[in-house]
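One-based numbering along the sequence shown. All ligand and atom numbering here is 1-based and tracks the order in the structure.
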Amino acid sequence: MTSKPDVVIIGAGWAGLAAAVRLTEQGHKISLFESAKQAGGRARTVSFNKLAVDNGQHLLIGAYTECLGLMETVGINTSTSLKRLPLLLTVIDKNNSTLRLKAPALPAPLHLLYALFTAKGLKFRDRMAAINFGLYLKKNNYQLEQDISVEALFQRTGQTKILVRQLWEPLCLSTMNTPIKDASANIFMNVFKDAFTNKRKDADLLVPTVDLSKLFPNAAIKYIEAHGGKVYLKSRIENIEINNNQITSVTAKINNTEETFKTSSIIIATAPQNIKKLITNHSALDSINKKIVQFNYEPIVTVYLQYSKDTQLTQAMLGLSSTLSQWAFDRGTFCNQNGLISVVISCNGPHMALDDDTLAQTIHDEIAMLFTTKPSLIMSFVIREKRATFACTVNINDIRPQNETSIKGLFLAGDYTDTGYPATLEGAVRSGIAAAKHCI
Ligand SMILES: Cc1cc2nc3c(=O)[nH]c(=O)nc-3n(C[C@H](O)[C@H](O)[C@H](O)COP(=O)(O)OP(=O)(O)OC[C@H]3O[C@@H](n4cnc5c(N)ncnc54)[C@H](O)[C@@H]3O)c2cc1C
């Protein structure tokens with residue numbers, strides 16, 4: 001049997017891990033380098049008050065088929081590590097009414113039609129506008145020849161104020177982390193298609209019952225190492241060597257010592273802003289560099305609020321509008337962290353100017369409105385991921401790089417590559433799997 005060539009993967013986020021697992025499965029020997037002390041990248045565990053929490057509350061949906069398949073490969077039981085909630089969206093507006101949309105057990109897209117027709121808080125006019133939205137997307141096969149903003153798409157399809165404020169905008173912010181005035185309609189339509197038009201279960205919300213590192217990265221590392229691969233943590237790749245348009249080696253900084261590893265295949269699976277340093281010395285990669293410097297980034301802030309253990313939201317996940325808070329998650333209901341509420345704020349906004357204490361107090365005041373008796377805040381913890389995702393703006397798909405490059409043996413993976421998806425775990429995993437396929 002011919003031995004399969006070794007592959008070096010740079011970055012142990014979900015994209016790099018996905019590539020590593022799929023290549024390991026095929027019998028390749030993997031060397032995976034991660035500059036941080038833990039794997040997971042932008043989806044990892046951090047510690048707060050002796051609790052394992054996420055660097056930002058993450059949510060998956062049933063349509064994340066590649067993520068789910070990969071978790072199963074490394075031995076994760078996805079039915080216990082994720083709590084599956086049939087689509088139930090409740091968005092409470094500070095100044096207006098509540099919108100509540102619940103999908104019944106009907107095949108797609110009937111479940112969505114029924115949900116819209118029975119939604120609490122919508123008038124006949126709103127329901128018809130929502131149906132018109134779905135029909136417009138279908139008629140255009142979920143892709144416009146000329147990309148426009150999500151806001152323009154709402155105007156074009158006559159979406160009403162309440163639908164935009166309490167349904168479409170919260171969905172756009174949470175899936176694309178980009179304001180509707182800038183967000184790409186084509187990517188929004190792609191997400192809509194995958195979530196609502198195939199199987200009913202694709203729209204299910206999947207909330208992790210374990211911390212993010214246990215959900216996939218830890219098991220992935222175990223799997224890779226059990227099959228002969230090597231994962232180097234706290235090991236930054238400083239340089240990639242290219243000779244005659246072919247990859248020859250990488251130089252890693254491990255414990256302050258530089259070490260060179262010979263290889264003919266590399267997958268760079270870092271966030272886009274980290275690639276520049278690795279590729280700028282190679283003029284053949286200028287075209288990739290030129291694309292990446294055009295990317296903009298958006299933050300995501302998660303505010304953890306610890307209340308007494310009997311404090312509970314009425315639902316595992318609640319949306320808020322006309323507030324700084326966007327989505328509140330009751331971690332007691334899905335990961336046994338009773339009384340702990342995580343509140344997610346996507347994109348830039350006035351909250352970025354507030355210090356952590358003021359922000360936590362403001363968010364606490366907003367969350368307190370959801371209770372008849374104001375709960376007492378025991379402690380709070382704010383995590384700001386300043387470059388959480390690339391901004392998923394109009395025409396961004398035109399500058400997202402492919403997995404293959406012009407250099408023999410060099411491939412790219414990461415949520416920012418040309419997946420058609422916004423920056424999500426599923427996008428990252430799909431890109432990693434695609435890069436692995438090109439590599440072999
Ligand atoms: C707060 C927050 C909330 C989110 N919520 C959701 C959600 O609810 N649902 C969802 O689907 N997605 C969500 N996302 C997006 C999702 O986490 C990302 O799209 C995904 O994790 C990106 O994975 P990646 O592997 O492409 O990149 P990364 O996670 O950025 O991984 C790149 C890795 O490369 C390493 N690296 C960089 N340079 C080097 C080097 N020179 N040498 C070695 N290693 C290097 C980095 O340390 C990092 O670990 C969220 C993101 C954030 C930040």
Self-check item: Option set Glu385, Gln57, His58, criterion heavy-atom distance to atom 51 (C) of ligand 1, minimum
Solution: His58
Exercise. May I ask you to check whether Leu278 has an N/O atom sitting below 3.5 Å from an N/O atom of ligand 1?
Key: no
Quiz item: Thinking salt bridges, do Glu404 and Lys437 make one under a 4.0 Å N-O criterion?
Solution: no
Exercise. Check each heavy atom of Ala252 against ligand 1 and say whether those closer than 4.0 Å belong to the side chain, the backbone, both or neither.
Key: neither
Self-check item: Which segment of Ala269 sits under 4.0 Å of ligand 1 when only heavy atoms are counted
Solution: backbone
Quiz item: Applying a 4.0 Å heavy-atom criterion (strictly less than), which segment of Tyr416 is in contact with ligand 1: side chain, backbone, both, or neither?
Solution: neither
Quiz item: Tell me the ring-ring contact (aromatic ring centres under 6.0 Å, His included) pairs involving residues 387-408, sequence neighbours left out?
Solution: Phe295-Phe390
Self-check item: Protein contact to atom 25 (O) of ligand 1 [nearest heavy atom, distance to 0.1 Å]
Solution: Ala15 N, 2.9 Å
Quiz prompt | Heteroatom proximity flag, Ser35 to ligand 1, N/O under 3.5 Å | solution = yes
Quiz item: Which is it for Glu238 and ligand 1 at heavy atoms under 4.0 Å: side chain, backbone, both or neither?
Solution: neither
Practice problem: Identify, for atom 19 (O) of ligand 1, the protein heavy atom at the shortest distance, and state residue, atom and that distance. | Solution: Asp415 OD2, 2.7 Å
Quiz item: Any side-chain donor-acceptor pair under 3.5 Å between Glu258 and Thr251?
Solution: no
Quiz item: Among protein heavy atoms, which sits nearest to atom 47 (O) of ligand 1, and what does the distance come to when rounded to 0.1 Å?
Solution: Glu34 OE2, 2.6 Å
Quiz prompt | Contacting atoms of ligand 1, where contact means under 4.0 angstrom from a heavy atom of Ile10 | solution = 40 (C), 42 (N), 43 (C)
Practice problem: Check each heavy atom of Arg42 against ligand 1 and say whether those closer than 4.0 Å belong to the side chain, the backbone, both or neither. | Solution: both
Self-check item: Over 12 foreign heavy atoms within 6.0 Å of CG, Asn77
Solution: yes
Exercise. Using ring pair (Phe, Tyr, Trp, His ring centres under 6.0 Å) as the criterion, list what pairs up with His58, not counting sequence neighbours.
Key: none
Practice problem: Check Asn274 against ligand 1 and report side chain, backbone, both or neither, counting heavy atoms closer than 4.0 Å. | Solution: side chain
Practice problem: Return yes when Leu59 approaches ligand 1 closer than 4.0 angstrom through a heavy atom, no otherwise. | Solution: yes
Quiz prompt | Residue selection (non-hydrogen contact nearest atom 10 (C) of ligand 1) among Asp54, Leu425, Asn239 | solution = Leu425
